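The structure appears below as structure tokens.
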Amino acid sequence: MFTNKVINMLYIVSVDYNDDLNCIVLKLYNSETEKLEYYYDEKFKSHFIADEPMTIKGIVKQEPIAKYNALHDRIDKLVKVSTETPSVIASMNRQMKEDEKKGDNTLRSKVRENHIKFFQSYIYDKNIRIGMPYYRGKEDLLFAVDDMAEKTVAELMKLINPTSADIDVYEDFARLLEYPAPNFKRISLDAEILNENDKQVPDPENANMPILCVCLVSNIGEKFAFVLVQENQAKFDLNINFSKVSFFTDEAEMIRAIFKLVAEYPFIVTFNGDDFDLPYIFNRALRLGIPLADIPISMREKMTFWSGCVHLDLYKFFGIRAMQTYAFAAKYKTIDLDSISRALLGKGKLDVGKWVNTMSYEELVTYCMNDAELTIELTTYNDSLVMNLILVLARLSKMPVDNVSRKSISNWIRSMIYAEHRKRNFLIPRSEEIIELKGKTSTTAKIKGKKYKGAVVVEPVFGIHFKTEVGDFASLYPTIIKNYNLGYATVNCIHESCQDNKFAGLPHWVCKKQRAIESQLIGSLRDLRVFWYKQKGKDKKLDKNKMNWYKVSEQSIKVFCNAAYGVFGDEDFTLYCPPFAEYVTGIGRWIITQTIQKAQELGLEVIYGDTDSIFIKNPPKDKLNELMAWTKKSFDIEFELDKSYRYVCLSKRKKNYIGVLEDGFVDVKGMTGKKKHTPKMFKDAFNTTKELLAQVYTEQDMNIRRNEIRKIVKTTYNTLKKRSWTNIEDLAFHVSLTKNVEEYDTLPQHVKAAKYLIEKGYAVGSGSTIDFIKVRGKKVKPANLTRVDEVDVDKYVDFLKHLFIQMLEPLGIDWDKEILGITQICSY
DNA sequence: GCGGACTGCTTACCT
DNA sequence: ACAGGTAAGCAGTCCGCG
């Protein structure tokens, strides 16, 4: 596959700065030996850009440098200032902040690119292709060309045929997505600690309680258990398959044995290892007298390292909102091992029915091993989907794998754009310059406190609609960015001659002379997705492995594309550019509004639409095709058939409907019955009605099912009225705390319940989900502390009514007459 | 002192 | 810390009410 088959492929997985050696270290994964190797670069110095020579301490070199300033469309003559260590820049930045506090901005106005991390700067300037194969040359690392992948890239380029100005961008991305990925050797780790009490988790800072058990599972299924002998329990053989179980009477010895084992693996995977397992082991090791030099764990800001390994913390990865919504389609709603495993693997944590303190060895190992297995399986399931996602995201963002898996989407996009700037010798602009030059927005948002107007939501046509087609624009916002050449530099550019180039009735204009970097990057990713990876990810002719890889590529691009517009409307994004973001939604509104108008002119019945989608009732094929051709011609965007519903059930509310696809799958959007805070009792009832709706093909069917749906609601109603529920937990609402209780301005119900829990000694805070029950006297109580007779049944009946009314209304069922009426007759 | 009309806060969802 | 738009429930405030 590779040109030179003898050489070992070295995949660059991470780049870091080593303090002690004062040099850049590259971590290389050798796909033959499955071990990590290192490459040290002592020559590369940290640097920043200045308007004039600087006089701070620690500078080793100052040289003139010319850079293209895209904001002003000119070449700037500047100074590249190299420093002895990156800490010189860090302390300069600290000084800068101090000055600013005193109102002195002289330093800030002189320096640029001083906020870019040293190792990122290295990646950009050396054009390091993270996650791609290299081999060792005489001195340097050399990129390993893969002939097979290059062939596919050529094929793809021929198909998409981009304009000459954009060819390089497309080709670079295609390589990143077509080159092979190694199957990283890896091991997961999970630790169980003796608890002080049953209301709080152990404190890793303190590490005052012994580690009872540590389980590790490798990606090829090797299982290891390290168990501490406890005084009150006899040692005995465990009945656990395929596991190596080792008992220790000395805890320090056990920890050393774990260090020794992990050293064999290039990747270590944890769930919340950054903030719990690894710091606990670290501090426990110190407490037990293991010398610092013998402990491979080290904690840095928001990240815990294991030297000799790359550490991936899946809690951080799955917690990235963009991943949750776009790559995993919001299949998991809360970020914990149990719910993520249940959603993605179909199995969860074990319910042993007791806490670790009272478990037998066998129970303890089984419980702990299960967690370690879930953790590794989250990286191995579906052809190592998650590992491959992380790899592709690292490639696209040009960030180290351990970094990209912890940082949010805005960091990835920023990094991708910065890399392109450095590659082309563009000066990276300062935030203030963009704001100053580009000015403000011109529209008003519907929502108070928002900065500009967003998308259009069409008023739904209430009722049941059979044979409804849903069309949507393929990547609307990325396409707009591509087609209209949008970017921070091109929107409201400095050229007077461009000021007539305006769209969609907005006052902003777009540059006619220069191509926007964002437009090229997002545009090419968009095209690769629409014209290549979408099909390849479904291509049954490919072998399963290859198809899955294409799915990964498709998902990764989707994540980037979906967030690409939003970041420019975020004040904290370094390239924040309000008119750019406003232009995207403005042109979006213009396109969908025109398309709906055209559809109506063609005699099509538009019954709903949101942002980039249009619901059309029973459309003739030829009219639909005409509409598609028209959008392509008018806006150069593909309006595609996305879904065919057997029928949709539209409530009077926006973003709130049920649709049944041809194959019987029931799509539920926005309804209370699917929201995660809804008590289980109501969710169960709601899901049963979903099954009934799946069996409806015609209006006649609907008449039959109407009765059954009525019955389900009635039964739930009766259960409440008679207080005959089996489990009070099924009545609990589950609401998240987004901050710590003392930070709330008002006292919502879940916060009241949380405060009560804290009083009782429970540790709940930001991120915890509070389970509470509505009790009589307009109050709430934590679910685990509520008695059956306290439940405020009327409140629950009210909730039931409002939940089902969203569905009953369009089905033509009247709550008062048909639910209450019948029930009353029945119960007397 | 209590309830209705109102605003604002909070969470969870949709695209 | 990607955006704006929507729904829903409750907290808190103001005002009228002999």
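Owing to the predicted nature of the structure, the values given are computational and were not obtained by experimental measurement. Each chain gets a letter, A, B and so on, in the order its sequence line appears, and its residues count up from 1.
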Check: Do the rings of A:W590 and A:F635 sit parallel, tilted or perpendicular, given the 30° and 60° boundaries?
Finding: perpendicular

Next item on the list: Please state whether the phosphate of C:dC10, meaning OP1 or OP2, lies under 4.0 angstrom from any side-chain nitrogen or oxygen of A:K795.
Entry: yes

Item checked: Nucleotide C:dA7, atom P - distance to CZ of A:R653 in whole Å -> 8 Å

Margin query: What contact category does A:Y452 fall into here, base, sugar-phosphate, or nothing, at under 4.0 angstrom with non-hydrogen atoms?
Written below: sugar-phosphate

Check: With a 4.0 Å cut-off on heavy atoms, is A:V668 in touch with a base, just the backbone sugar-phosphate, or nothing at all?
Finding: sugar-phosphate

Note to self: C:dA1, OP1 or OP2 - any side-chain N/O from A:N411 closer than 4.0 Å?
What the structure shows: yes

Next item on the list: State whether A:H802 places a side-chain N or O below 4.0 Å from either non-bridging phosphate oxygen (OP1 or OP2) of C:dA8.
Entry: no

Margin query: I need the NZ-P distance between A:K407 and C:dC2, as an integer number of Å.
Written below: 12 Å

Notebook entry, point to check: 5'-most contact on DNA chain C: A:V567 or A:V456, nearest heavy atom basis?
Noted result: A:V567

Check: To the nearest Å, how far apart are A:H677 NE2 and C:dA8 P?
Finding: 11 Å

Notebook entry, point to check: With a non-hydrogen cut-off below 4.0 angstrom, is A:A322 in contact with a base, only sugar-phosphate, or nothing?
Noted result: nothing

Next item on the list: Remember a base hit wins even if backbone is also touched, and classify A:Y477 as base, sugar-phosphate or nothing at under 4.0 Å, heavy atoms.
Entry: nothing

Check: Which is true for A:T738 with a 4.0 Å heavy-atom rule: it touches a base, it touches only sugar-phosphate, or it touches nothing?
Finding: sugar-phosphate

Item checked: Note, A:Q324 side chain near A:I335 side chain (heavy atom, < 4.5 Å) -> yes

Next item on the list: Might you confirm whether atom CD of A:E436 has over 12 heavy atoms from other residues, nucleotides or ligands at distances under 6.0 Å?
Entry: no

Item checked: A:Y762: ring pair (Phe, Tyr, Trp, His ring centres under 6.0 Å) partners, not counting sequence neighbours -> none

Notebook entry, point to check: At under 4.0 Å between heavy atoms, what does A:Y326 touch on the DNA or RNA strands: base, sugar-phosphate, or nothing?
Noted result: base

Notebook entry, point to check: Does A:S410 make a side-chain N or O approach to OP1 or OP2 of C:dA1 shorter than 4.0 Å?
Noted result: no

Checklist line | Closest-nucleotide 5' rank along DNA chain B - winner of A:K448 and A:K669 | finding: A:K448

Note to self: In terms of relative ring orientation, are A:F328 and A:F318 parallel, tilted or perpendicular, with 30° and 60° separating the classes?
What the structure shows: tilted

Notebook entry, point to check: With sugar-phosphate meaning primed atoms plus P, OP1 and OP2, does A:K652 contact a base, only sugar-phosphate, or nothing at under 4.0 Å between heavy atoms?
Noted result: nothing

Next item on the list: Would you mind classifying the nucleic acid contact of A:L747 as base, sugar-phosphate or nothing, using non-hydrogen atoms under 4.0 angstrom?
Entry: sugar-phosphate

Margin query: At 4.0 Å (heavy atoms only), tell me whether A:S736 reaches a base, stays on the sugar-phosphate, or touches nothing.
Written below: sugar-phosphate

Notebook entry, point to check: Using a heavy-atom cut-off of 4.0 Å to chain A, what are the terminal contacting nucleotides of DNA chain B, in 5' to 3' order?
Noted result: B:dG8 to B:dT15

Next item on the list: Please work out if A:Q806 contacts a base, only the sugar-phosphate, or nothing of the nucleic acid, heavy-atom cut-off 4.0 Å.
Entry: sugar-phosphate

Notebook entry, point to check: If you look at every strand shown and take non-hydrogen atoms under 4.0 Å, does A:G566 touch a base, only sugar-phosphate, or nothing?
Noted result: base

Check: Can you find a side chain N or O atom of A:T746 that sits less than 4.0 Å from OP1 or OP2 on C:dC10?
Finding: no

Next item on the list: Pick base, sugar-phosphate or nothing for A:D572, based on heavy-atom distances below 4.0 Å to the nucleic acid.
Entry: base

Note to self: In whole Å, I'd like the distance from the CD atom of A:E518 to the C1' atom of C:dC2.
What the structure shows: 14 Å

Check: Under the 3.5 angstrom rule, does the side chain of A:S651 hit a backbone N or O of A:R653 as a donor-acceptor pair?
Finding: yes

Margin query: Classify A:A455 by what it touches in the nucleic acid, base, sugar-phosphate, or nothing, heavy-atom distance under 4.0 Å.
Written below: sugar-phosphate

Next item on the list: Please state how far atom CG in A:L575 lies from atom C1' in C:dA3, giving the value in whole angstrom units.
Entry: 16 Å

Notebook entry, point to check: How close or far is atom C1' of C:dG4 from atom NZ of A:K655, stated in whole angstroms?
Noted result: 8 Å

Check: Between A:H750 (NE2) and C:dA11 (P), how many Å, whole number?
Finding: 11 Å

Margin query: Using modelled atom types and a 3.5 Å cut-off, is there a donor and acceptor pairing between side-chain atoms of A:T479 and backbone atoms of A:A474?
Written below: yes

Checklist line | A:K779 atom NZ: more than 12 heavy-atom contacts under 6.0 Å | finding: no

Next item on the list: Measure from CG on A:D570 to C1' on C:dA1 and round the result to the nearest Å.
Entry: 6 Å

Margin query: Using modelled atom types and a 3.5 Å cut-off, is there a donor and acceptor pairing between side-chain atoms of A:D336 and backbone atoms of A:S339?
Written below: yes

Check: Does C:dG5 have OP1 or OP2 sitting under 4.0 Å from an N or O in the side chain of A:K453?
Finding: no

Check: At under 4.0 Å between heavy atoms, what does A:K752 touch on the DNA or RNA strands: base, sugar-phosphate, or nothing?
Finding: sugar-phosphate

